[in-house]
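These notes concern the structure reproduced below.
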Amino acid sequence: MSNPELDKLIKPEKMHGGLKFLLWTVALILIVVIAWFAINLTGLRAWRDHVVAMRSAGVELEEGPYEPALVEDGKNMFKSPILESVALRDMGLTPEAVALLVEPAPFAPANVLPIAALRSWDSKAKGMPSTEEIDKIANRPETPARFVLSHYEAMADEVAEVHAACDRPRSRPALDYRSGFESVPDFVEVRRLAQTFNLRARANLALGNTEAALDDLNVLRRLALMSEGRPATLVQAMIEVAVLGLMVDTIEDAFREGALSVKACEELQRQLEFFDLPASLVFSLKRGEIPGLTRVVLDARGEKGRNDFPKAWKLVPDGVVRRNLIVCGNAVLETVSGVDLEGGTVDPAELERVATAQEERFKSFSISTYLARFAVPNVSRTMETAARNQMRIRLARIACALEGFRLEHDVFPESLGDLAPRFIDPLPQDIVTGKLPVYRLTGPAGYELYSVGWNAVDDGGAKNGDLDWIWRGGLGAGDSN
């Protein structure tokens, strides 16, 4: 007599089905393991090739982020307690720095006032205090400029400390350069300090205190030269772009008001010659962002990995992680492909093309591009601002040379070529076209000077200032002493 239950257990087809399931499970596990090792192996091989390719492009992945050489305390401007506390995000402002950054109410350093507005309380210029605010000022000095400077008289020691620090020859804030993105300068506080001394410079120029104004502008110049003038992070490069933008705005206004002496023009031309903002951005990406991101990601997989990374991050095959880093590194290099460092030019069309292509590429999910979608910085707009400010620096240097020519010959030159080599050499080129900026005389004592701007088209200069990048200092330049 047969047992139905026993028949079910020992029935050949049932045993065959169970074995089949087991074999499929084992096979699937083997496929996953083999795929894991294959992906890991191919990723590691690709990484070795990538390290070599990056090195040829000026990116040292194995060395880690750029770290400037150590500097003696007495030679380092950032060993001033005020500057050190302003630059270091985690340190906290010293009481002296807090006092120095207090606004001379009702004036706000962030609101850039024209020099002309600082010469009279009757000015209707944008950014001036209201009539009601002015009436509340007790014992107000005869001009807004004197009021602004009187505010800083109580901080004379702090102002002198910053000026003295900026006379030191070296600059190296005490950042943790080797930790990737863990330590960056405090962009907000550095900008506040720059705005404070920019307002002081404008007030001094309004009162004819040219030497004092140059001392104040020198603070902006030195703040821009962080880490020996080699930005170790993108944040440092952005500080340089923003602070120098403030400085050139004030120089342009000073030209328009005839507030600069010939000696001041020569000094400013010398100071501005050093800067190359697009090159600084490229340096920060190649020597800071790419190796910094690499160090952060790879360290996160070690025993002392960052707590803010998901735990599952350590389970991802190393080859997959490195493929993501390959995509990140290549994508960052693509973002600056339109910058010609040797020629000193920027190609807006190429930068826009790369930005659009990357945006489309990262819309679709891929295991090899997942990290890049979040890690690759969008530098298109930042590069445009850097190019604009760099062009204005070049125009400022040309304007200084034009003023020197006028003082020697009583007229402006017929062409920019007449300036070289006596007043400036070599002549700065248009950062977009690689040619000389547009220059034409508008009369015996005036000229127009401008770059064709981001659209690379001459839109007529003064008639279309929103398109061309115009230097407005020529028409109002007065006599120098």
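Quick note: numbers below take in every heavy atom, side chains included, and nothing from hydrogens, waters or symmetry partners.
- With contacts defined as side-chain heavy-atom distances shorter than 4.5 Å, the pair Asp347/Leu351 does not qualify.
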Does Thr345 form a side-chain hydrogen bond (donor to acceptor under 3.5 Å, both in side chains) with Gln429? I'd like the steps, not just the answer.
CA-CA 8 Å; Thr345 60; Gln429 307 295 301; over 6 Å; no

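- With salt bridges taken as basic N to acidic carboxylate O contacts below 4.0 Å, one links Arg392 and Asp249.
- To the nearest 0.5 angstrom, Phe197 atom CZ is 13.5 Å from Leu246 atom CG.
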Test Glu403 against Arg406 for salt bridge (Lys or Arg N to Asp or Glu O under 4.0 Å), laying out the working first.
CA-CA 5 Å; Glu403 185 66 3; Arg406 183 188 71 83; 2.7 Å; yes

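- Side-chain contact between Pro437 and Met391 is present, with at least one heavy-atom pair separated by less than 4.5 Å.
- The backbone N or O of Glu352 lies less than 3.5 Å from no partner atom in the side chain of Ser380, so there is not a single donor-acceptor pair.
- Not a single donor-acceptor pair under 3.5 Å links the side chain of Glu158 to the backbone N or O of Leu100.
- Ring geometry for His409 against Phe423 counts as perpendicular: the plane angle is over 60°, on a 0 to 90° scale with 30° as the lower cut.
- Distance alone, capped at 3.5 Å, places no donor-acceptor pair between the Ser284 side chain and the Gly288 backbone.
- Without hydrogens or angle criteria, Asn209 side chain to Ala212 main chain gives no donor-acceptor distance under 3.5 Å.
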Step by step, would you call Tyr439 with Tyr450 a ring-ring contact (aromatic ring centres under 6.0 Å, His included)?
CA-CA 7 Å; Tyr439 167 80; Tyr450 62 91; over 10 Å; no

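- Looking only at distances, no side-chain donor or acceptor of Arg202 sits under 3.5 Å from a matching main-chain atom of Asp253.
- Going from atom OG of Ser120 over to atom CD of Glu142 covers 10.5 Å, rounded to the nearest 0.5 Å.
- Note on Arg381 versus Glu384: salt bridge recorded, some NZ/NE/NH1/NH2 to OD/OE distance being below 4.0 Å.
- Between Ala203 and Leu118 the shortest heavy-atom distance is N-CD1, 3.7 Å.
- At a cut-off of 3.5 Å, with distance as the only test, a side-chain donor of Glu240 or Ser280 sits close to an acceptor on the other residue.
- The shortest side-chain heavy-atom distance between Pro106 and Ile137 falls under the 4.5 Å cut-off.
- Within the 3.5 Å criterion, the main-chain N or O of Pro413 finds no donor-acceptor partner in the side chain of Asp418.
- With contacts defined as side-chain heavy-atom distances shorter than 4.5 Å, the pair Lys286/Leu333 qualifies.
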Show which side-chain atoms of residues 76-89 pair as donor or acceptor with protein atoms under 3.5 Å away, not counting sequence neighbours.
residue, atom, partner, partner atom, Å
Asn76, OD1, Phe78, N, 3.1
Asn76, OD1, Arg172, N, 2.9
Asn76, ND2, Arg172, O, 2.9
Ser80, OG, Glu161, OE2, 2.7
Ser85, OG, Pro81, O, 3.3
Ser85, OG, Ile82, O, 3.0
Ser85, OG, Thr94, N, 3.4
Arg89, NH2, Pro185, O, 3.1

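- Taking CH2 from Trp454 and CG from Leu467, the interatomic distance works out to 14.0 Å, rounded to the nearest 0.5 Å.
- A salt bridge links Arg270 to Glu267: at least one charged side-chain nitrogen sits closer than 4.0 Å to a carboxylate oxygen.
- In summary, the side chains of Gln236 and Ser227 do present a donor paired with an acceptor at a separation below 3.5 Å, with no hydrogens or angles considered.
- A donor and an acceptor atom, one from each side chain of Glu289 and Thr233, are nowhere located under 3.5 Å apart.
- A tilted orientation is assigned to the rings of Phe147 and Phe107, their planes being inclined by 30° to 60°.
- Although no hydrogens or angles enter the test, the distance criterion places no donor-acceptor pair under 3.5 Å between the side chain of His151 and the main chain of Arg146.
- At least one side-chain heavy atom of Val59 sits under 4.5 Å from a side-chain heavy atom of Pro291.
- The OG1 atom of Thr210 sits 10.5 Å away from the CG atom of Leu217 when rounded to the nearest 0.5 Å.
- At a threshold of 4.0 Å, the pair Glu72-Arg170 does not count as salt-bridged, since none of the basic side-chain nitrogens sits closer than that to a carboxylate oxygen.
- Remark: the His163 side chain and the Asn218 side chain contain no N/O donor-acceptor pair separated by less than 3.5 Å.
- Looking at Arg119 and Glu257, a side-chain N of the basic residue comes within less than 4.0 Å of a carboxylate O on the acidic one, giving a salt bridge.
- What you find for Met155 and Ala99 is that their closest heavy atoms are CE-O, 3.7 Å.
- Looking only at side-chain heavy atoms (C-beta outward), Leu449 and Leu416 come within less than 4.5 Å of each other.
- Interatomic distance, Gln271 CD to Cys400 SG, rounded to the nearest 0.5 Å: 10.0 Å.
- Geometric assessment of Arg140 against the ring of Trp121 yields a positive cation-pi assignment under the 6.0 Å and 45° thresholds.
- Under the 4.5 Å side-chain criterion, counting only non-hydrogen atoms from C-beta, Met226 is in contact with Val190.
- Remark: the Asp216 side chain and the Asn198 side chain contain no N/O donor-acceptor pair separated by less than 3.5 Å.
- The shortest distance between side-chain heavy atoms of Cys328 and Ile290 does not fall below 4.5 Å.
- The line from CD1 of Ile393 to CG of Leu272 is 6.0 Å long, rounded to the nearest 0.5 Å.
- No cation-pi contact links Arg440 to Tyr447, judged by a cut-off of 6.0 Å to the six-membered ring centre and 45° from its axis.
- When all heavy atoms of Asp276 and Gln390 are compared, the closest pair comes out as CA-OE1, 3.2 Å.
- Of the possible polar contacts, one joining the Asp430 side chain to the Val452 backbone as a donor-acceptor pair under 3.5 Å is found.
- Without hydrogens or angle criteria, Glu228 side chain to Ser171 main chain gives a donor-acceptor distance under 3.5 Å.
- At distances below 3.5 Å, at least one donor-acceptor pair connects side-chain atoms of Asp186 with backbone N or O atoms of Val188.
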